[in-house]
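Quick notes on the structure that follows.
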Amino acid sequence: STGLLTRGSRVRTPSDPPCSSPFFGGEFGLIPGSNTNYLMLTLICQCSHAQSRRLTRMGKDTWISDILAGEYDGQEVELKGWIYRSRGSNKIRFIVVRDSTGNIQCVAKREALGDDFFDELKSSLIESSVILKGIVEPTDREHGHELQVLSGEVVGSVNPERPFPITESAMAEADGGETEFLLDNRHLYLRTSRMTTMLKIRSSVFGAVHSYFRDRQFIEYQAPNFVAGAVEGGSTLFEVPYFGRKAYLTQSWQLYAEAAMPALERLYTIAPSFRAEKSRTRRHLTEFWHAEMEIAWASNNEVMKHGEGLVRHIASTLLDERSEELSSLGRDLNLISQYADNPYPIIRYDEAIETLQSKGVEVEWGQDLDYSKEKILTADFEVPHFLTHYPRIAKPFYHRPDPEDPKYVLCHDLLAPEGYGEIIGGGERTWSEAEILERIDEEGTPRDPYEFYIDTRRYGGVPHGGFGMGVDRVCTWLSGAEHIREVIPFPRDSRRVTP
Ligand code: 4AD
Ligand code: MG
């Protein structure tokens, strides 16, 4: 093996005898006869109650998915992972081990392992970490492969007085119900297969955002998270004490991206955005991941082409990279193909209002559409739809009024089907100095925090636009999750900042 031997990785297991073991030999990197050895042995012996005699080999070469794919049939492997399930008798144990790539059944026999290690394995609880060496055997059972264990070690044992807390019965008995229990234990829940699957899907979505923009010569650009003014209205601003002054956590990268637009022309980011959303809904987090782009010389239509392009690219990337994971969540892959392969229709806000009114929904012209309305509107959509030309009064100052009818702004929201609703908000920006001042004043916003923003218009302003896509929302919609907090490792909302 190419694995490294390091002292730092030693751990003690309950059955470790005191430090008098043949493991401390030249074989493990000690130089015979040197003073350093003496010192190391002393240190090791002094620590023997906290650490193990064993020198766990670092590094990992064998992954369960490769074993299941038949790459090691008949060969001896060293498997590293965590005990997922264990059953059997006093003579033979069937131990399902998991790693980040899958699960495999390992067969451990007393006669092959000897009493010490067999008993240690037998008493090891779920989520103990183990190294098992053995021979890979193809079988016709469940996963098609088994490991016949020859030797191994328990690396990190679980104290029997404090077993892994996530169990069916604990969930059933939890005071605050199952959902709160799992949120309280989120740091451990991450290891379950559902959460691992979500995190893999999420990683592919992030990767697809980067590849979409980078393949089109966009430059990745970073804006500050501490800011002095709002982007998306004052009601959801998080205030932060800032050395005797007030600062805010940014709601969007956009304004600082517009400052860099004359420098880079095509730019994007994926960054956290913050909104003090008081109500807990299935689509809102207080800290969410925001994929945003800004592009010079572009109209609302060109920006929408990129929004459609990005979402279709994400859907097709998921089909390429995560079909298995999506299927394991019960997601219909035909739907994802539909979102990857078809163009997204464009309708005007006014048409959407008429549609809603014709369905008996009480909605007035001039309102921004909230979830209850988007849900009804998108229930019969087969693919995402753009809604354009919102009333000027419904949108923040940076949206450009339509020169053909300044009651409206040149903007868009992209609404996802299946009743999901908004995943993207964007549009053309107000780009002349006179117009931006008019829009800021009309909103009653002080100009001061926006001087840098107005300067973008004073020195060679050009038409431009961009959008922001809620990455967590896209993950929720495409994975078919019920709630946005299912797709982010440590969800933040008005009631929770822990763990
Ligand atoms: O529509 P929004 O507010 O637009 C902006 O922030 C623009 N400044 C973006 C831009 O043009 N660069 O937010 C954009 C998207 C929404 O469509 C939604 O998907 C997501 O961000 N989003 C949230 N996601 C999760 N939790 C929240 N509280 C969210 N608020 C917005
Ligand atoms: Mg919006």
Side-chain angles (χ1 to χ4, degrees), residues 202 205 209 213 218 221 223 227 229-238 248-261 266-295 298 300 303-304 306-307 310-311 314 349 367-371 373-374 378 384-388 390 394-400 409-416 420-430 450 453 464-478 481 483-488 491-494:
R202 189 177 167 89
V205 171
V209 171
F213 287 118
F218 280 71
Y221 163 85
V227 295
V231 192
E232 299 298 326
S235 68
T236 62
L237 267 184
F238 268 117
Y248 306 102
L249 293 178
T250 197
Q251 297 161 310
S252 163
W253 158 97
Q254 179 193 326
L255 302 194
Y256 289 87
E258 286 188 59
M261 172 277 298
R266 288 170 285 185
L267 50 158
Y268 84 100
T269 200
I270 309 185
S273 282
F274 304 90
R275 310 241 173 136
E277 312 275 2
K278 284 178 205 78
S279 52
R280 295 166 103 200
T281 79
R282 60 189 282 256
R283 335 188 280 176
H284 288 94
L285 294 165
T286 51
E287 175 181 356
F288 69 97
W289 285 80
H290 208 168
E292 295 183 83
M293 66 84 92
E294 200 64 34
I295 180 168
N300 193 37
V303 176
M304 282 193 286
H306 282 296
L310 174 62
V311 175
I314 292 170
Y349 169 91
Q367 288 179 329
D368 203 357
L369 299 180
D370 63 12
Y371 175 56
K373 311 210 169 63
E374 287 179 1
T378 61
H385 283 47
F386 284 104
L387 243 61
T388 63
Y390 279 67
K395 291 284 177 187
F397 66 85
Y398 60 74
H399 288 285
R400 182 176 177 216
V409 285
L410 296 171
C411 73
H412 59 269
D413 278 6
L414 181 62
L415 307 187
Y420 192 77
E422 179 185 347
I423 52 173
I424 278 182
E428 249 175 90
R429 316 306 189 192
T430 304
Y450 301 104
Y453 185 72
H464 64 284
F467 67 78
M469 182 190 85
V471 183
D472 318 279
R473 284 197 185 175
V474 169
C475 293
T476 310
W477 161 56
L478 287 176
H483 199 292
I484 194 164
R485 64 183 167 222
E486 290 178 50
V487 303
I488 184 165
R492 298 296 182 234
D493 64 32
S494 58

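Here the structure is a predicted model, which is why all the values come from computation and not from measurement. Order of listing sets the numbers, starting from 1, for every ligand and every atom in it. The figures that follow rest on heavy atoms only: side chains count, while hydrogens, waters and symmetry mates do not.
Close approach to Arg283 involves these atoms of ligand 1, each under 4.0 Å from a residue heavy atom: 25 (C), 26 (N). In the vicinity of Gly425, heavy-atom distances shorter than 4.0 Å reach the ligand 1 atoms 1 (O), 9 (C), 10 (C), 11 (O), 17 (O). Near Arg429, meaning under 4.0 Å from one of its heavy atoms, ligand 1 places the atoms 10 (C), 11 (O), 12 (N).
Closest protein heavy atom to atom 16 (C) of ligand 1: Glu422 OE2, 3.2 Å. Protein heavy atom at the shortest distance from atom 14 (C) of ligand 1 is His290 NE2, 3.3 Å.
Between Thr430 and Phe397 there is no side-chain heavy-atom pair separated by less than 4.5 Å.
Taking distance alone, with nitrogen or oxygen atoms compared against 3.5 Å, Ile484 stays at or beyond that limit from ligand 1. Below 3.5 Å of separation, one finds an N or O of Arg275 facing an N or O of ligand 1. An N or O contact shorter than 3.5 Å is missing between Gln251 and ligand 1 by distance. Backbone and side-chain nitrogen or oxygen atoms of Gly470 are examined, and one is located within less than 3.5 angstrom of a nitrogen or oxygen of ligand 1. Note: an N/O pair closer than 3.5 Å links Gln254 and ligand 1 by distance alone. Checked against a 3.5 angstrom limit, the closest N/O atoms of Glu232 and ligand 1 fall inside it.
Among Asp368, Leu285, Ile423, Leu415, the residue whose heavy atom sits closest to atom 19 (O) of ligand 1 is Ile423.
Judged purely by atom type and a 3.5 angstrom limit, Thr250 has no side-chain atom pairing as donor or acceptor with the backbone of Trp253.
When non-hydrogen atoms are compared, ligand 1 lies under 4.0 Å from the side chain of Tyr398 (C-beta onward) but not from its backbone. Within the 4.0 Å heavy-atom criterion, the part of Glu277 lying near ligand 1 is the side chain and not the backbone. Looking at Phe288 against ligand 1, only its side chain comes within 4.0 Å, counting heavy atoms. Of all the heavy atoms of Glu287, none lies under 4.0 Å from any atom of ligand 1, so neither backbone nor side chain is involved. Contacts with ligand 1 closer than 4.0 Å are made by backbone heavy atoms (N, CA, C, O) of Ile424 only, the side chain lying farther away.
Within the model, atoms CG of Leu255 and OH of Tyr398 stand 8.0 Å from one another, a figure rounded to the nearest 0.5 Å.
Side-chain contact annotation: Glu292 with Ser252, donor-acceptor N/O pair under 3.5 Å present. No donor-acceptor contact under 3.5 angstrom links the side chains of Tyr420 and Arg473, judged on distance only.
Considering only residues two or more places apart in sequence or on other chains, Ala230 meets the side chain to side chain contact (heavy atoms under 4.5 Å, CB included) condition with Leu237, Gln251, Tyr450. Take Arg283 and apply the salt bridge (charged side-chain N to carboxylate O under 4.0 Å, His left out) test, not counting sequence neighbours, and it matches Glu374. With sequence neighbours left out, Glu428 forms a salt bridge (charged side-chain N to carboxylate O under 4.0 Å, His left out) with Arg400.
Separation of the Tyr268 and His306 ring centroids does not fall under the 6.0 Å cut-off.
Of the residues His284, Arg282, Glu422, the one that meets the side chain to side chain donor-acceptor pair (under 3.5 Å) test with Tyr371 is Arg282.
Only protein N, O or S atoms were scored, and 1 of them lie under 2.8 Å from the Mg ion (ligand 2).
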Margin query: What verdict does the salt bridge (Lys or Arg N to Asp or Glu O under 4.0 Å) test give for Arg485 and Asp472, after you've listed the backbone C-alpha separation in whole Å, the side-chain angles of each residue and the deciding distance to 0.1 Å?
Written below: CA-CA 8 Å; Arg485 64 183 167 222; Asp472 318 279; over 6 Å; no

